[in-house]
Amino acid sequence: MRLAVLYLHVLGAVIWIGGLAYQVHVLLPAARRGAVAPFADAARRARPVTWTAIAVVVLTGFYNVTQLDDLTRVMESGAGLMLAGKFILVILAVALTSQRDFAQVTLLNAALASGGDSSKALRAIARLDRVVLLLALVVIYLGLAVSRAGQ
């Protein structure tokens, strides 16, 4: 059971962060060159997959925490502090992803529908995406450090 949950946790993270990396490094540059509508459509269509992956990551993450060793041993090893940092960064990444998906992508779609300027929304999306990708790298590092500290 533990291996299956760990597999789902990693799979959810790969889908969430991998999809975001694809949008940042492939679709967003194309949008800046004028293909804004396909980017907006892809971002809108990816939303259910993204949020399902985020839910899987969060739920399996909570389960994985329950499978750690004795709490005293975890705290003495330093893993408790790393785990707390990981939780905080994941909450921040989810909040920023929410801002991106439900505010900035909505503004981008509204700008496209009205024929307005979409560059401000694209810039905001790009900034949010880069911050979430950076947070993901730190979270992955902390996750590996916590798993090593528990051994």
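Note that the structure is a prediction, hence the values are computed from the model and not measured.
Note: the hydrophobic cluster containing Y141 also contains L20 (ILVMFWY, side chain heavy atoms under 4.5 Å, direct or indirect links). V131 and I125 fall into different hydrophobic clusters, where Ile, Leu, Val, Met, Phe, Trp and Tyr residues are linked whenever their side-chain heavy atoms come under 4.5 Å apart, directly or through other members. Cluster membership check: L92 shares its hydrophobic cluster with V58, using side-chain heavy-atom separations under 4.5 Å among Ile, Leu, Val, Met, Phe, Trp and Tyr. Linking Ile, Leu, Val, Met, Phe, Trp and Tyr residues whenever their side-chain heavy atoms come within less than 4.5 Å leaves V14 and V139 in two separate clusters. By the criterion of side-chain heavy atoms lying less than 4.5 angstrom apart, applied directly or through intervening Ile, Leu, Val, Met, Phe, Trp or Tyr residues, L128 is not grouped with V105; the two fall into different hydrophobic clusters.
Rounded to the nearest 0.5 angstrom, K120 NZ and L108 CG are separated by 13.0 Å. Considering CZ of R32 and CG of L27, their distance stands at 12.0 Å, rounded to 0.5 Å. Atoms CG and CD1, from L59 and I54 in turn, are 11.5 Å apart once rounded to the nearest 0.5 Å.
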Could you go through the side chain to side chain contact (heavy atoms under 4.5 Å, CB included) check for L137 and L133 one step at a time? CA-CA 6 Å; L137 288 175; L133 287 173; over 6 Å; no
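Residues V65 and K86 have side chains not in contact (no heavy-atom distance under 4.5 Å, counting atoms from C-beta outward). Here the side chains of D41 and R45 are in contact, with some heavy-atom distance below 4.5 Å. Two residues are said to be in side-chain contact when any heavy atoms from C-beta on lie closer than 4.5 Å; H9 and V57 meet this criterion. Looking at heavy atoms from C-beta onward, V94 lies in side-chain contact with W51 at the 4.5 angstrom threshold. Taking the side chain as every heavy atom from C-beta outward, L11 and V56 never approach each other to under 4.5 Å.
Here the rule is side chain to side chain contact (heavy atoms under 4.5 Å, CB included) with L135, and of L96, V90, I88, I17 only L96 fits it.
The minimum heavy-atom distance between T52 and P48, with the atom names listed, is OG1-O, 2.7 Å. Shortest non-hydrogen contact noted between L112 and A40 is CD1-CB, 3.5 Å. I15 approaches A53 most closely through the heavy-atom pair CG2-CB, 3.8 Å. The two atoms that bring S118 and V36 nearest to each other are OG-CG1, 3.7 Å, heavy atoms only. Between A79 and V146, the shortest heavy-atom contact is O-CG2, 3.9 Å.
Between the side chains of R100 and Q23, at least one donor N or O lies within less than 3.5 Å of an accepting N or O.
Checked by atom type and distance alone, the side chain of R47 pairs as donor or acceptor with a backbone atom of D101 at under 3.5 Å.
Within 6.0 Å of atom OH in Y7, 12 or fewer heavy atoms from other residues, nucleotides or ligands are found, so the atom counts as exposed in its surroundings.
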